[in-house]
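Worksheet for the structure shown next.
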Amino acid sequence: MRITLDYEISPDIIPKNYGRGFISLIKKLIEKTDPLLFNCYYEQHKLKPFTFGTYFPKLQGNEGDKLNVGNIVKVNFSTSSIQLATNIYNGFLKVKEHTWQNSGSSINFKPLRAYLQPNKYSYKEEIIVKTLSPLLVNNIGDSNKFLLPGEEGFLEGLEFSVRECAKEFLGDESNFPFKIEVKAWKRRVLYHYKKMPSTIGIFEIKSKPEIIQMIYDVGLGVHRSQGFGMMEVVG
Amino acid sequence: MEEKLKILNNQLKDCKPVLKDFEDYYNLLNQKFDEFQKLVEYASELKKDEKEFENLYKRVAGKNASDLVDKLSRRGHALKKELGDAFENMGYRLLEQTRAGKRDDVYYGILRIFVANKKKFPDELVEAFKPIYTDEIFKVFIFSFLSGIIGKENRIENN
C-alpha cells in the first residue's frame, strides 16, 4: 500500500541531513493518531513495517553546504500494514503544521494533498527493482559499518535483513529461497546522523511472491523506516 | 464507574430506575471495553510468543464484534450524505470484492474514496479490517457499513 503526501515546506534551503526532519514528521503523524502504536514502534524499538522516500519536484541543487529544494516535497510512504496506512493518512489530515528543528536549522511542513498510489501485487518469483530511496546494508554483527556492493558481506547482510523482516512481518522463519543480484549501482554519500555510504541502483530479486511483495511494501536493507530502501518495480 | 453503578443500585432500591442513567452506564462500559480491547491488542503484539495474550485478544474482540456491526452500520448512515454517491458508484465492485474476501482490495477501494474526498478514515472501519476477525465476520462488518452508506434510503432519495 502506497500513499503520497504532498507538503509545502519552508525554508527552500534546508540542511543536507534533512532526512531526520521527515522521520520526525512521520513519527508525529503516528503519535497523533495512535499513541499505543507509536510506543510499540519507538519505545520498544521493534522492526517497523514501512519505508518512505522523498521527492522534491522543484529541486535546484547545492547551495553552499545546504540544499535548495524548493517549497514542495512529495513523501511517498509504503507499508504492508493497513492500520499504519490509515494512521498516516488520518495523521496527515490531523496535523496541520509540523516543525523540525536541529542545531540552528529547521523545516516547517504544511499538508497540501494526499493520494493513493495504485495497488501493486506480486505474483512473480522474479522481479527487477530500482531504488527510490538509497539502500543501506549493515555488516552482520556490526551495525555501524555500512557496506557497498562488491564488499565482503554485502549480499549476506542484505539477505539477513530480508529474513528478519519475513520473521517479524510474515511469521516466516523457513529457509525460503532468496537470491539478489546487483544489476547496476552507484555509491551515494548520505548525511544522516553521520556521513554514511549508501547504494542507489537496480537489483534483480528471486524469491517467493510473498517475500517479493513484502520487500515492495516495507523496503529493502536496514533503517527502512528512516527513509531508506524504498523500491520501485521496473521489470 | 463504581460510583455510577452504586447510583443505579440505589435507583433500583427505590424502585425508580432512570433509563438515561442506565443507557449512559451502558455507553461508558462499551467505551471502556473498546479501550481495553486496544490495550489487549498491543499487549498481544508485544508478547507475540505468548499465545495466552492472543487468545485473550480473540475473546475480547469476539465479544465486541456484534457491537462493531452496529457501529459500522450507524457510521455508514452518518456518512451517507457526504459520501453516499461515491460509494454508490463503487458499490457493486466493493460488494463483490467483499464477497470474495479480498480484504486488501476492499480496503484500498474504501480508503481511496475517503482520500479523494479528504475525509478521515473512521476508526470503526480500521477495526473491521484487523486480521483477528475471520473472513466471515469481516464480510458481515463490511456489508453492514455498505448497507448503511448505500442502503435503500439513499436509492429512494436518488429516485
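All values derive from a computational prediction rather than experimental measurement. Labels below follow one simple rule: chain letters A, B, ... track the order of the sequence lines, proteins then strands, and each chain is numbered from 1.
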### Message
Do D34(A) and K38(B) have side chains that approach each other closer than 4.5 Å (heavy atoms only, starting at C-beta)?
### Response
yes

### Task
Counting only heavy atoms closer than 4.5 Å, note whether E127(B) contacts chain A via side chain, backbone, both or neither.
neither

### residues 72-101 of chain A: residues contacting chain B (heavy atom under 4.5 Å, by number)
I82(A), Q83(A), A85(A), T86(A), Y89(A), N90(A), L93(A)

### Task
Quick one: closest heavy-atom pair of C40(A) and Y42(B), and the distance?
SG-CD2, 4.4 Å

### Task
Please flag which part of E168(A) lies under 4.5 Å from any non-hydrogen atom of chain B: side chain, backbone, both or neither.
both

### Query
Is the count of non-hydrogen atoms from other residues, nucleotides or ligands lying under 6.0 Å from K47(B) atom NZ greater than 12?
no

## Note on the structure
Scored by heavy-atom pairs under 4.5 Å with chain A, the best of L125(B), D123(B), V126(B) is V126(B)

### Query
Side chain, backbone, both or neither: which part of Y108(B) has a non-hydrogen atom closer than 4.5 Å to chain A?
both

### Message
Other residues, nucleotides and ligands only: do more than 12 of their heavy atoms fall within 6.0 Å of CZ on R20(A)?
### Response
yes

## Note on the structure
For N119(A) and D104(B), the nearest pair of non-hydrogen atoms, with its separation, is ND2-O, 3.9 Å

### Task
Take atom NZ of K32(A) as the centre, draw a 6.0 Å sphere, and report whether it contains more than 12 heavy atoms from other residues, nucleotides or ligands.
no

### Minimum heavy-atom distance L111(B)-M1(A), with the two atoms named
CD2-SD, 4.4 Å

### Task
Might you confirm whether atom NZ of K130(A) has over 12 heavy atoms from other residues, nucleotides or ligands at distances under 6.0 Å?
no

### Query
For the atom pair CD (E45(B)) and NZ (K46(A)), what is the distance rounded to the nearest 0.5 Å?
4.5 Å

